[in-house]
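What's counted below: heavy atoms across the whole structure, side chains too, no hydrogens, waters or symmetry copies. What you see is a predicted model; the values in this text were computed from it and never measured.
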Amino acid sequence: MVADGADPLLRFPILMTDRLVLREITAADAAFWLLNFSASEVVELTAWEAPRDLEAARAEIEQFCTLPWREGTGIRWGITLRGSNEPIGTLGYHGWVQGRDRRARMGYDLLAEHRGMGIMTEAMGVALAYGFKTMTLHRVEVLVDPRNVPSIRLAERLGFHLDAHLRQSTRFRDTFQDDLVFSLLAREWRAAAEAKH
Ligand SMILES: CC(C)(COP(=O)(O)OP(=O)(O)OC[C@H]1O[C@@H](n2cnc3c(N)ncnc32)[C@H](O)[C@@H]1OP(=O)(O)O)[C@@H](O)C(=O)NCCC(=O)NCCS
């Protein structure tokens, strides 16, 4: 459900589910961002080094949240539990190609104490509905480290198909790591959504 009434592509969309509110991330969330992206397993599984400090966290928020939304190349939500404004994770689209191709890639992460309760399944459900309906995406892609069993299970549970195993395609520190490419197409998402009703 989209809470904002105005044109959803002009105003940052707040999305709601039974347990969650997905809202914009701002510089005021820098302490959360630093904590979230400093967890060793998040660093390892996303192949992205932790921000050094609060200033670096604010710069990443600008780079990965504010600018992409302003430029129409991505959208990243902070996940909060209803009744609290404090983010417990993030998810969103990057590499959003509008116009003819209509595709984007997704990323997601949660603080460790909130995992294993179906939170990301719920958040991804509403974010995918927004992606296919409002952003009119044709294809959504997720890149997953083959060691990341929870993320693979999540993608499969949401109906994503395994397209490819890319060998040594991501350089992290002194190694090249493999990536699995999962995709979900608009018609597949629509068929699954209709089957639920
Ligand atoms: C990947 C990640 C986002 C998954 O988040 P999550 O909220 O724990 O994922 P889920 O919603 O699938 O919940 C996980 C488990 O809770 C179970 N669960 C409990 N209650 C549930 C409910 N109401 N609905 C759905 N699942 C529920 C699921 O069955 C699932 O177990 P399974 O994987 O053994 O089947 C999380 O592990 C994470 O942040 N990892 C580190 C960062 C990362 O790897 N990011 C992805 C990079 S590609």
Side-chain angles (χ1 to χ4, degrees), residues 22 24-27 29-79 87-97 101 103-121 123-124 127-128 131 135 137 139-184:
L22 274 50
E24 190 167 14
I25 299 174
T26 71
D29 299 309
F32 152 75
W33 190 276
L34 181 59
L35 178 72
N36 190 44
F37 290 104
S38 296
S40 57
E41 71 284 8
V42 176
V43 169
E44 200 61 45
L45 293 169
T46 59
W48 189 262
E49 294 291 4
R52 277 184 321 277
D53 50 24
L54 278 175
E55 198 188 325
R58 276 190 286 272
E60 287 194 1
I61 291 172
E62 178 73 13
Q63 181 186 353
F64 296 120
C65 305
T66 316
L67 277 181
W69 167 246
R70 198 181 303 149
E71 292 170 352
T73 57
I75 175 164
R76 192 145 198 120
W77 290 273
I79 302 169
I88 58 167
T90 82
L91 87 166
Y93 295 96
H94 57 276
W96 177 17
V97 180
D101 289 343
R103 63 182 142 79
R105 201 167 265 182
M106 293 195 92
Y108 39 76
D109 42 78
L110 266 186
L111 293 174
E113 63 266 35
H114 296 281
R115 294 180 201 153
M117 294 180 282
I119 299 250
M120 200 54 80
T121 304
M124 283 288 284
L128 284 168
M135 294 162 72
L137 292 170
R139 173 188 162 91
V140 172
E141 202 173 84
V142 187
L143 249 64
V144 183
D145 184 315
R147 297 168 299 175
N148 195 348
V149 175
S151 185
I152 293 169
R153 282 200 187 150
L154 176 69
E156 289 173 345
R157 191 176 321 118
L158 291 164
F160 281 77
H161 288 248
L162 178 62
D163 284 352
H165 185 141
L166 307 180
R167 296 177 306 139
Q168 302 199 6
S169 66
T170 297
R171 175 79 192 259
F172 184 59
R173 296 178 183 159
D174 54 354
T175 58
F176 286 95
Q177 299 180 353
D178 292 5
D179 286 305
L180 301 178
V181 182
F182 286 90
S183 71
L184 183 63

Shortest non-hydrogen contact from [X] to [Y]?
| X | Y | result |
| --- | --- | --- |
| Val43 | Glu49 | CG1-OE1, 3.9 Å |
| Ala27 | Ile61 | N-CG2, 4.2 Å |
| Ala57 | Pro51 | N-CB, 3.9 Å |
| Met124 | Leu158 | CB-CD1, 3.5 Å |
| Leu137 | Val140 | CD1-CG2, 3.7 Å |
| Trp96 | Gly74 | CE3-N, 3.8 Å |

Any non-hydrogen side-chain atom of [X] less than 4.5 Å from a side-chain atom of [Y]?
| X | Y | result |
| --- | --- | --- |
| Tyr108 | Ser151 | yes |
| Leu128 | Phe160 | yes |
| Arg76 | Trp69 | no |
| Arg157 | Met120 | no |
| Val149 | Arg153 | yes |
| Leu67 | Gln63 | no |

Mark yes or no for whether [X], through its side chain, and [Y], through its backbone, hold a donor-acceptor pair below 3.5 Å.
| X | Y | value |
| --- | --- | --- |
| Tyr93 | Ala127 | yes |
| Asp109 | Thr90 | yes |
| Asp178 | Gln168 | yes |
| Asp145 | Arg147 | yes |

Could you tell me the separation between the [atom1] atom of [X] and the [atom2] atom of [Y], rounded to the nearest 0.5 Å?
| X | Y | atom1 | atom2 | value |
| --- | --- | --- | --- | --- |
| Ile25 | Glu60 | CD1 | CD | 11.5 Å |
| Ile75 | His94 | CD1 | NE2 | 14.0 Å |
| Thr66 | Glu71 | OG1 | CD | 10.5 Å |
| Leu91 | Ile79 | CG | CD1 | 4.5 Å |
| Glu156 | Leu162 | CD | CG | 7.5 Å |
| Thr46 | Leu143 | OG1 | CG | 12.0 Å |

- Message: For Glu55, I'd like to know if atom CD has over 12 heavy atoms of other residues, nucleotides or ligands within 6.0 Å.
- Response: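 At most 12 heavy atoms, drawn from other residues, nucleotides or ligands, come within 6.0 Å of this atom.
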- With sequence neighbours excluded, residues passing side-chain contact (heavy atoms from CB on, under 4.5 Å) with Glu113: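 Testing Glu113 for side-chain contact (heavy atoms from CB on, under 4.5 Å), a comparison that skips the adjacent residues, returns Leu111.
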- Task: Give the intermediate values and the outcome of side chain to side chain contact (heavy atoms under 4.5 Å, CB included) for residues Leu54 and Arg58.
- Result: CA-CA 6 Å; Leu54 278 175; Arg58 276 190 286 272; 4.1 Å; yes
- Where at least one partner belongs to residues 37-67, residue pairs that pass ring-ring contact (aromatic ring centres under 6.0 Å, His included), sequence neighbours excluded: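 Residue pairs passing ring-ring contact (aromatic ring centres under 6.0 Å, His included), neighbours aside: Trp33-Phe37, Trp48-Phe64.
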- Message: Please list all pairs meeting salt bridge (charged side-chain N to carboxylate O under 4.0 Å, His left out) that have one or both residues in residues 161-172, counting only residues at least two apart or in different chains.
- Response: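 Output for this query lists Arg139-Asp163.
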